[in-house]
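Here is the structure we will look at.
Proteins get letters first, then strands, A, B, ... in listed order; numbering begins at 1 in each. What you see is a predicted model; the values in this text were computed from it and never measured.
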There are 2 protein chains.
Amino acid sequence: MLRLTRRAEYGLMAMAFLAGRSESHISVREIGNNLAIPKRLLAEVLKDLARGGLVEGARGPNGGYRLLAEPELLPLGRVVEVLEGPIHVADCADGGSCEHESGCAIQHGMRFVAGRIKQVLDQSTLSDLLESAPAAAPTPPPQRMPV
Amino acid sequence: MLRLTRRAEYGLMAMAFLAGRSESHISVREIGNNLAIPKRLLAEVLKDLARGGLVEGARGPNGGYRLLAEPELLPLGRVVEVLEGPIHVADCADGGSCEHESGCAIQHGMRFVAGRIKQVLDQSTLSDLLESAPAAAPTPPPQRMPV
DNA sequence: TTGAAGAGCATGAGATTAGTGCTAAATTAG
DNA sequence: CTAATTTAGCACTAATCTCATGCTCTTCAA
C-alpha cells in the first residue's frame, strides 16, 4: 500500500500544530478542535508521541502537550517510527535475508529502493513540512546504486 | 505503515525473474518453484499483471507468461500501481483538499513528501532492480519545495 | 482426446487499523 | 480540602484489508 497510517498523519498534523504555536502547553481538546481530528484518537497518538520523547505532556488545568524536539532538527521519519514502529517497506528489503533466496535477484535492489524511501522521510524535517512557502526542502546528494 | 503489499513484492520478484530469462513463456509453476512463492497466489498476481498489460499469458502446454514491457523502461511504480492501485501515501497529501482544513498547515508539505516517495518508485526501473552490480540507479535532479 | 496451463470468480481466515469507553493519577483554582 | 481539568493507561469493538486457497471454465499443444 505504501501508505502512512492515519495515526501517523494525525501525529504529523499535531506536531506541526504545536510547532506553529508559542504557548507552552496545548491541550488535546484545542488541537483536536483546530485540526478536526477525533479527540479520543488524537489523545492516543499524543500519548505515544510523549512515550517516544517527542512531546511532553502536562496534566491538570492549563495542561496539554508541548514539543520537546526542535522542528528544524526533527526528521519526519522519527515521528513516523514513534507512531508506527520501524519502517518496513518490504520483507525482501528489510528482512535479514531474503527467504525466497536462490531465485530472488531483487533483494539488493529492493534494499536500495527502501533506503531511498526512508531517506525521503529522514531528510525532511518538521519545519520543512510547515513551510508552504519556498526555500527549505533539503535535496539529497546524488547517489548511485552501491555494489 | 508505508509498506508494499506482499502481492507487489511477489509481482516485482516475478517480473524480475521473467526479465532475467530468455525463454518466451515461463509457467507459474516454474516461477513459483524458483522464488518459493505460494503458486496459487502468484497466479493471481500474474493474472493482474496480465490485465495491466505488463505481461502476456499464454495457455496450454508450454504456456506461461512473458514480459511485454522493456525492463529498462518499466518504472517500479507502474508495477506497484497495477497490483495495488494508485499510490496513496496519506489522505492529507492525495485527497483533493484536506478535510481537516483550516488548522492543517501541512497539506502542501505532505504533498511534496508523497511526491518524493512516488518519485523513488517512478525513477527506478525493473532493470535497476536487477542490477546488484554497479551503474544504473538514476539519480533525480535537485529539487526545491515548490510554492 | 487428453493433459497442461492460464482466466475468472468466490470465499475464508487472519492481521491491522480506526475509533471508543472507562478508570486512575496529577495538577491547578477556588 | 475540594472540585474541575487534563493527561496516562488499559481494554475492546468494528471495520477494513490482505493473504491464501478452492473450484470451474477455457485455451492449446501433443
Whole angstrom is fine here: how far is it from [atom1] in [X] over to [atom2] in [N]?
| X | N | atom1 | atom2 | answer |
| --- | --- | --- | --- | --- |
| His25(B) | dT27(D) | NE2 | P | 17 Å |
| Glu9(A) | dG19(C) | CD | P | 11 Å |
| Asn62(B) | dT27(D) | CG | P | 18 Å |
| Asp48(A) | dG19(C) | CG | P | 15 Å |
| Glu30(B) | dG6(C) | CD | P | 11 Å |

- Charged N to carboxylate O below 4.0 Å: is that the case for Lys118(B) and Asp94(B)?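 Asp94(B) and Lys118(B): salt-bridged.
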- Heavy-atom donor-acceptor pair, Glu84(A) side chain to Thr5(A) backbone, under 3.5 Å: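 Checking the backbone N and O of Thr5(A) against the side chain of Glu84(A), a donor-acceptor pair under 3.5 Å is found.
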- Taking Glu56(A) for the side chain and Tyr65(A) for the main chain, is one N or O donor matched with an acceptor at less than 3.5 Å?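 Side chain of Glu56(A) to backbone of Tyr65(A), a donor-acceptor pair under 3.5 Å: no, none is there.
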- Between Leu121(B) and Met1(A), is there a shared hydrophobic cluster once you connect ILVMFWY residues whose side-chain heavy atoms come closer than 4.5 Å? no
- Message: On DNA chain C, compare the nucleotides closest to Pro61(A) and Arg3(A); which residue's is nearer the 5' end?
- Response: Arg3(A)
- 5' to 3', nucleotides 8-21 of chain D under a 4.0 Å protein heavy-atom cut-off (B base, S sugar-phosphate only, - none) gives BBB------SSSBB
- Message: With side chain to side chain contact (heavy atoms under 4.5 Å, CB included) as the test, pick out the partner of Leu126(B) among Leu67(B), Leu54(B), Leu18(B).
- Response: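 Considering Leu67(B), Leu54(B), Leu18(B), a side chain to side chain contact (heavy atoms under 4.5 Å, CB included) with Leu126(B) is found only for Leu67(B).
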- Message: Could you report the tightest heavy-atom contact between Gln123(A) and Asp128(A), atom names first, then the distance?
- Response: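 Closest approach of Gln123(A) to Asp128(A), heavy atoms only: O-OD2, 3.9 Å.
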